[in-house]
A.B. asks: 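Once you've had a glance at the structure underneath, I'll fire off some questions.
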Amino acid sequence: MAFAAEKLQSDDALLDAYSATVADAVDRIGPAVCRIERIGAGGHGSGFVIAQDGLVVTNFHVVGDARDVRVTMPDGASREGRVLGRDPDTDIALVRADGSFADVAPLGDSKRLRRGQIAIAIGNPLGFEWTVTAGVVSALGRSMRASTGRLIDDVIQTDAALNPGNSGGPLVSSAGEVIGVNTAMIHGAQGIAFAVASNTANFVISEIIRFGRVRRAFIGVSADTTNLPRRAALLSQVTTNTAVRLRSVEKNGPAARAGLKEGDIIAAIDGRPVTGVDDLVRMLDAERIGRETLCTVVRPTGVSQVAVTPVARTN
């Protein structure tokens with residue numbers, strides 16, 4: 001009996017610690033989570049404030065083609081907002097809401113995520129405002145198809161329950177940082193939901209702020225983050241233990257013309273380590289369009305340098 005009582009106390013302590021962790025993260029991020037409605041068009045979703053001057057992150061499919069939206073905060077305050085930019089390829093949009101905001105949700109580093117760590121979704125599902133669900137990071141480096149038909153790489157899979165209306169809300173770590181932007185759930189499946197990684201969102205936000213849109217160079221590949229064997233890292237002269245494996249190479253695209261093939265591992269671009277898909281996305285910016293780019297490629301036969309000339313994305 002004494003053992004059973006001690007075991008029960010231990011379980012209670014663990015549960016209390018978990019509950020406190022989730023509650024603390026929600027207390028930190030929850031006040032920055034908003035409800036977003038298209039003015040005059042119907043439909044709603046979620047978003048979160050990332051800057052006190054009213055920058056709000058949400059999904060592209062939440063705002064659609066709308067110019068103006070209504071942003072409602074947990075305290076009931078409602079403001080009008082304007083869509084600054086949208087990126088259908090990653091399902092991210094950026095809104096500027098009127099006024100100033102005391103509470104913001106900081107973007108964390110999604111590259112540091114591990115499978116099994118706590119993931120907390122905050123949003124406005126099915127008309128139930130400011131709802132919290134919790135689970136874990138189920139998988140990393142997933143891909144899902146955007147509304148444009150292109151694959152969104154480096155997607156986080158979680159079992160934190162998402163429902164219509166959660167879209168655009170934050171996926172939060174136990175440290176109280178946004179690690180992803182909730183974007184989709186699998187209909188008919190239980191415990192399978194997806195979020196765009198915070199590093200990808202950060203890249204898109206930066207591009208929209210600077211240029212009003214996301215400029216990209218294109219080489220015609222889709223890829224996954226993969227482990228880089230130590231010997232390959234040494235031969236590649238990089239200090240990281242992850243890289244990017246090409247899952248497919250578009251026929252007649254710049255990568256194919258340069259000789260890159262499915263299964264190739266890109267460890268560096270112009271001498272800079274490529275530690276994951278988000279690195280590859282960021283490095284293929286507008287500055288590389290039309291400029292010869294040297295890829296350090298790992299194959300079973302060894303390491304080689306392949307020169308690829310990216311072209312501008314046309315859509």
A.B. asks: Do the non-hydrogen side-chain atoms of Val298 and Leu228 ever get within less than 4.5 Å of each other?
C.D. replies: yes

A.B. asks: Under a 3.5 Å distance rule, please check whether Arg86 uses its side chain to pair with a backbone N or O of Ala66 as donor and acceptor.
C.D. replies: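 Here the side-chain-to-backbone pair exists.
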
A.B. asks: Does Tyr18 share a hydrophobic cluster with Val136, counting links as ILVMFWY side-chain heavy atoms below 4.5 Å and allowing steps through other members?
C.D. replies: no

A.B. asks: Test: side chain to side chain donor-acceptor pair (under 3.5 Å). Region: residues 225-240. Which pairs qualify, not counting sequence neighbours?
C.D. replies: Thr226-Arg245

A.B. asks: From Asn166 CG over to Thr131 OG1, what is the distance, rounded to the nearest 0.5 angstrom?
C.D. replies: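 The OG1 atom of Thr131 is 7.5 Å from CG of Asn166, to the nearest 0.5 Å.
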
A.B. asks: Could you tell me whether Asp75 atom CG has more than 12 heavy atoms of other residues or ligands within 6.0 Å of it?
C.D. replies: yes

A.B. asks: When you group the ILVMFWY residues by side-chain heavy-atom contacts below 4.5 Å and let the links chain together, are Val57 and Val281 in the same group?
C.D. replies: yes

A.B. asks: Are Val274 and Leu260 joined in one hydrophobic group, where the rule is that I, L, V, M, F, W and Y side chains link up if heavy atoms are under 4.5 Å apart?
C.D. replies: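 Yes, because Val274 and Leu260 connect within a single hydrophobic cluster, where side-chain heavy atoms sit under 4.5 Å apart.
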
A.B. asks: What are the two closest heavy atoms between Gly45 and Asn124, and how far apart are they?
C.D. replies: O-ND2, 4.1 Å

A.B. asks: Do Thr293 and Arg288 come close enough that some side-chain heavy atom pair is under 4.5 Å?
C.D. replies: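 Result yes, sub-4.5 Å side-chain heavy-atom pair found.
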
A.B. asks: Determine, for Arg247 against Asp224, whether the closest basic-nitrogen to carboxylate-oxygen distance falls under 4.0 angstrom.
C.D. replies: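 Yes, this pair counts.
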
A.B. asks: For Gly168 and Asn59, work out which heavy atoms get closest and say how close.
C.D. replies: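 Between these two residues, the closest heavy atoms are N-OD1, 2.8 Å.
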
A.B. asks: Contact between Ile192 and Gln157 at the side-chain level, heavy atoms closer than 4.5 Å - yes or no?
C.D. replies: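 Ile192 vs Gln157: side chains touch.
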
A.B. asks: Starting from Ile118, can I reach Val137 by hopping between I/L/V/M/F/W/Y residues whose side chains sit under 4.5 Å apart?
C.D. replies: no

A.B. asks: Any side-chain heavy-atom pair from Ser78 and Arg70 closer than 4.5 angstrom?
C.D. replies: yes

A.B. asks: Using atom types as modelled and distance alone, determine if a side-chain donor or acceptor of Ser46 lies under 3.5 Å from a backbone N or O of Gly165.
C.D. replies: yes

A.B. asks: Find out whether the Lys NZ or Arg CZ of Arg215 is both under 6.0 angstrom from the six-membered ring centre of Phe211 and within 45° of the ring's axis.
C.D. replies: yes

A.B. asks: Does atom CZ of Arg115 have more than 12 heavy-atom neighbours, drawn from other residues, nucleotides or ligands, at distances under 6.0 Å?
C.D. replies: no

A.B. asks: Nearest 0.5 angstrom please: Phe60 CZ to Asp87 CG, how far?
C.D. replies: 9.0 Å

A.B. asks: The test is side-chain contact (heavy atoms from CB on, under 4.5 Å); show your working for Arg96 and Leu55 and say whether it passes.
C.D. replies: CA-CA 5 Å; Arg96 170 82 70 184; Leu55 285 180; 3.7 Å; yes

A.B. asks: Hydrophobic clusters here meaning ILVMFWY residues chained together by side-chain heavy-atom distances under 4.5 Å, can you tell me if Val196 and Leu84 are in one?
C.D. replies: yes

A.B. asks: Where do Leu280 and Ile269 land on the side-chain contact (heavy atoms from CB on, under 4.5 Å) test, with the steps shown first?
C.D. replies: CA-CA 8 Å; Leu280 184 64; Ile269 289 179; 3.6 Å; yes

A.B. asks: What's the separation between atom OG1 in Thr275 and atom NZ in Lys111, rounded to the nearest 0.5 Å?
C.D. replies: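 Reported value, rounded in 0.5 Å steps: 3.0 Å.
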
A.B. asks: For atom CZ of Arg291, decide whether the heavy atoms of other residues, nucleotides or ligands shown that lie under 6.0 angstrom number more than 12.
C.D. replies: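 Above 12, so yes.
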
A.B. asks: At their closest point, which heavy atom of Gly220 faces which heavy atom of Pro254, and how far apart are they?
C.D. replies: N-CD, 4.5 Å

A.B. asks: Test Thr296 against Val238 for side-chain contact (heavy atoms from CB on, under 4.5 Å), laying out the working first.
C.D. replies: CA-CA 10 Å; Thr296 302; Val238 298; 5.9 Å; no

A.B. asks: Could you check Phe48 against Asp103 for side-chain contact (heavy atoms from CB on, under 4.5 Å), going step by step and ending with a plain yes or no?
C.D. replies: CA-CA 10 Å; Phe48 54 97; Asp103 297 296; over 6 Å; no

A.B. asks: Both conditions, 6.0 Å and 45 degrees, for the charged tip of Arg79 above the ring of Phe101: are they met here?
C.D. replies: yes

A.B. asks: Please check if the number of heavy atoms outside Arg299 that lie under 6.0 Å from its CZ is greater than 12.
C.D. replies: yes

A.B. asks: Do Ile208 and Arg213 make a side-chain contact, defined as non-hydrogen atoms from C-beta onward lying under 4.5 Å apart?
C.D. replies: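 Ile208 does not reach Arg213 side chain to side chain.
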
A.B. asks: Could you measure the distance from the CG atom of Asn199 to the OG atom of Ser110? Nearest 0.5 Å is fine.
C.D. replies: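 OG of Ser110 is found 3.0 Å from CG of Asn199.
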
A.B. asks: Does any donor atom in the side chain of Ser19 or Asp16 lie under 3.5 Å from an acceptor atom in the other side chain?
C.D. replies: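 No - no donor-acceptor pair under 3.5 Å links their side chains.
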
A.B. asks: Drop me the distance from Glu207's CD to Leu94's CG, to the nearest 0.5 angstrom.
C.D. replies: 12.5 Å

A.B. asks: Do Val244 and Asp279 come within less than 4.5 Å of each other through their side chains, counting heavy atoms only?
C.D. replies: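 Side chain of Val244 against side chain of Asp279, heavy atoms only: no contact under 4.5 Å found.
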
A.B. asks: Do Arg82 and Asp98 meet the salt-bridge criterion of a basic N to acidic O distance under 4.0 Å?
C.D. replies: yes

A.B. asks: Using modelled atom types and a 3.5 Å cut-off, is there a donor and acceptor pairing between side-chain atoms of Asp24 and backbone atoms of Thr21?
C.D. replies: no

A.B. asks: Using every non-hydrogen atom in the two residues, find where Ser174 and Ala25 come nearest and quote the distance to one decimal.
C.D. replies: O-CB, 4.2 Å

A.B. asks: Can you tell which of Thr200, Val181, Val155, Ile152 makes a side chain to side chain contact (heavy atoms under 4.5 Å, CB included) with Asp91?
C.D. replies: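 Exactly one candidate clears the test, Ile152.
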
A.B. asks: If we only count heavy atoms from C-beta on, is the Arg216 to Pro310 side-chain gap below 4.5 Å?
C.D. replies: no

A.B. asks: Do Arg38 and Asp65 sit within salt-bridge range, that is, some charged N less than 4.0 Å from a carboxylate O?
C.D. replies: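 No.
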
A.B. asks: Do side-chain atoms of Thr158 reach the backbone of Ser138 as a donor and acceptor pair under 3.5 angstrom?
C.D. replies: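 The answer is no, because no donor-acceptor pair under 3.5 Å joins these two groups.
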
A.B. asks: Got a second to check how far Ile122's CD1 is from Trp130's CH2, nearest 0.5 Å?
C.D. replies: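 Those atoms lie 12.0 Å apart.
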
A.B. asks: Write down the atom of Ser198, the atom of Val178, and the distance for their closest heavy-atom approach.
C.D. replies: CB-O, 3.4 Å

A.B. asks: Kindly give the heavy-atom pair with the smallest separation between Ala51 and Val104, and that separation in Å.
C.D. replies: C-CG1, 3.6 Å

A.B. asks: Do Val172 and Ile179 come within less than 4.5 Å of each other through their side chains, counting heavy atoms only?
C.D. replies: no

